[in-house]
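Remarks on the structure that follows.
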Amino acid sequence: MVVPAMKRTGRRVALLGWYPEPDPALPPYIPNMGLYMVAAALNALGLPDLELKIWDESGRAPGEVAEEILAFDPDIIGGSAFLWSLPKILQVIDTLAADDPHRLIVLGGPSARANMLAHAPFAASADWVDLLVEGDGEATFAEVVSDRRRTPEVWAAIRGLRINSAAGFVPTGARDGAVMQALASPYQQGLIPGGGIGLMETYRGCPFSCSFCEWGVMEAPRNVRSPENILQEFAAMERLGLRALLLADAGLNLNNSGFESLRKAAAETDFLKTRAVICEVYPNSLREAHLEFLGNIGSAHIGVGLQSFDPAVLEQVERRYDAKRFPSLLAALRSVASVTVEMIMGLPGDSPDGFWRNYERARELGTGLRVYHCAVLPSALMARSPVEHALDYDPVTLKMQSCLGWSRAEMARTVDRLTLAAQGAGGAGGDYFWVFPPA
């Protein structure tokens, strides 16, 4: 690893994100909310010399984007790293850092992890990366931009970073979670393009610790948006002509305070009554208040993360489900919303025969079905799976190729069979998941 040299002191900032490649199973383009939240936090600082430009990309070649950013000549580049965006962002960074190694390179997002950058396809490009942001990035990145003294000694005092050094990416210590009420809004600042789908968090974190999921390593939620704050977001989204709302919370019903704020705000306006709402619901925590809320919005689209019917498989990944209550809870959800049950293909400890039994059972539920290809995410299975799981995965896409219970040949055959099944059912087969309409 390289030891970061003294960096530029200016505040011309380029923020870069990338939407996945066009995919028949994916929804239309959704703005990179994390990228815009960071931009809003920078704008809220009121720095007189801040020059900020956002590249929220979809479809363009990295070389073309790199040329545009070079023309902007940023002092700082911030990249929003997901498994689909990291390879392209690193290609852009290679060009920008080679042009001037004194530019500060910062990565945030779920793939901005030292174990991810250690993979052979990324290791050389990772040498250019000065800082990784871990956890909530708004305040951390704003602190980095604010201080013109851009040296490892200064960064060591900023919580929530990992600093590239001869010893690897060295942590500076955990930062307290963001206070939801204090976060600047990209919608209220008019940063996000109009139309399409809006995103909202009422809280952050998850009370569960499922090892296949990035949520499972986050703190349990401690603070939420107030009803008044949510109403301000609704008003800003309405001005932008947003036609639907995607709740980016771990679940509609996994934080009682967050749900109560959302419910109270919804009662004060017709915003949700005339729009689609997309969210996750955890059946075991379902209450009558949740059903009443869902029944009073324009069109509710619910994801239910089952993953598997098999308790032994779920135990391998620290997940639970109540077999006795699940049918009645699912029926209650179906009475007020369009429901899609979600499963994962390729979980450690599962098998092709077990998966297909669960698949057939899920198809009999009368709901939609979404099957995800198990991915070995940096803060999830990559960091937390025991050695007996014998994980073998693609180092770029992170898709599981073999593991406990699955050979490479069996997984490849299951992928092909799922694609044919989705097409035959009138659904869609994508790169990471398959969508099935109700049977």
Side-chain angles (χ1 to χ4, degrees), residues 20 25 81-84 86 109-113 115-116 119 134-135 204-220 248-251 254 279-285 303-323 326 340-352 354-359 361-362 369-408 410-411 414-415 418 430-435:
F82 289 82
L83 58 87
W84 57 82
L86 180 64
S111 284
R113 298 291 181 267
N115 58 352
M116 184 69 178
H119 287 83
E134 295 187 320
R204 287 181 178 174
C206 181
F208 301 114
S209 58
C210 311
S211 63
F212 57 81
C213 179
E214 295 277 9
W215 289 105
V217 296
M218 300 179 72
E219 281 188 11
D249 301 333
L254 290 181
C279 63
E280 293 288 314
V281 169
Y282 190 73
N284 288 5
S285 303
V304 175
L306 173 68
Q307 319 314 345
S308 174
F309 287 101
D310 189 335
V313 172
L314 295 177
E315 186 177 356
Q316 292 279 352
V317 290
E318 303 174 63
R319 181 77 172 189
R320 300 182 303 275
Y321 113 98
D322 190 331
F326 185 76
T340 298
V341 169
E342 298 162 345
M343 296 177 59
I344 298 177
M345 183 278 296
L347 285 171
D350 203 353
S351 67
F355 168 77
W356 285 112
R357 284 195 300 271
N358 285 312
Y359 165 85
R361 187 173 172 184
L369 174 65
R370 186 178 294 113
V371 179
Y372 292 92
H373 191 138
C374 185
V376 183
L377 302 176
S379 296
L381 288 173
M382 192 184 298
R384 302 166 61 197
S385 199
V387 65
E388 57 265 25
H389 283 175
L391 306 186
D392 175 22
Y393 58 93
D394 185 284
V396 176
T397 69
L398 304 188
K399 289 192 288 189
M400 192 79 79
Q401 295 175 327
S402 69
C403 62
L404 178 67
W406 296 84
S407 70
R408 275 198 173 217
E410 289 169 335
M411 194 162 291
T414 303
V415 167
L418 276 169
D431 198 16
Y432 283 92
F433 60 93
W434 298 265
V435 177

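The analysis underlying the following values was restricted to heavy atoms, covering all of them including side chains, and did not include hydrogens, waters or symmetry mates.
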Gap separating the CG atom of Leu86 from the CZ atom of Arg113, nearest 0.5 angstrom: 11.5 Å
Min side-chain heavy-atom separation Pro283-Leu306 under 4.5 Å: no
Salt bridge (charged side-chain N to carboxylate O under 4.0 Å, His left out) contacts in which one or both residues fall within residues 392-405, not counting sequence neighbours: Asp392-Arg408, Lys399-Asp431
Side chain proximity check, Leu254 to Ser285, heavy atoms < 4.5 angstrom: yes
Closest heavy-atom pair and its distance - Ala383, Pro378: CB-O, 3.4 Å
Set of residues satisfying side chain to side chain contact (heavy atoms under 4.5 Å, CB included) with respect to Arg361, sequence neighbours excluded: Phe309, Tyr321
Closest non-hydrogen atom pair between Met116 and Pro395, with its separation: CE-O, 4.1 Å
Any Trp406 side-chain heavy atom under 4.5 Å of Met400 side chain: no
Contact summary for Gly303 and Glu280, nearest pair of heavy atoms: O-OE1, 3.2 Å
For residues 341-352, please give each side-chain donor-acceptor pair under 3.5 Å, one per line with the distance, not counting sequence neighbours.
from, atom 1, to, atom 2, distance (Å)
Glu342, OE2, Arg370, NH1, 3.3
Ser351, OG, Gly354, N, 3.1

Those residues that, when tested against Tyr359, pass ring pair (Phe, Tyr, Trp, His ring centres under 6.0 Å) (two or more places apart): Trp356, Phe436
Main-chain N/O of Leu83 paired to Ser111 side chain as donor or acceptor, under 3.5 Å: yes
Check against side-chain contact (heavy atoms from CB on, under 4.5 Å), Leu314 and Ser308: CA-CA 7 Å; Leu314 295 177; Ser308 174; 4.0 Å; yes
For Glu134, salt bridge (charged side-chain N to carboxylate O under 4.0 Å, His left out) partners two or more places apart: Arg162
Residue list, ring pair (Phe, Tyr, Trp, His ring centres under 6.0 Å) with His389, at least two apart or on another chain: none
Distance in Å, Arg384 CZ paired with Leu377 CG, rounded so as to fall on 0.5 Å steps: 11.0 Å
Side-chain heavy-atom pair Tyr432, Leu398 within 4.5 angstrom cut-off: no
Minimum side-chain heavy-atom gap Phe326-Val304 below 4.5 Å: yes
Contact summary for Ala112 and Ala81, nearest pair of heavy atoms: N-CB, 3.9 Å
Inter-residue atom distance Tyr393.OH - Met411.CE, 0.5 Å rounding: 14.0 Å
side-chain contact (heavy atoms from CB on, under 4.5 Å) between Val376 and Ser385, intermediate numbers included: CA-CA 9 Å; Val376 183; Ser385 199; over 6 Å; no
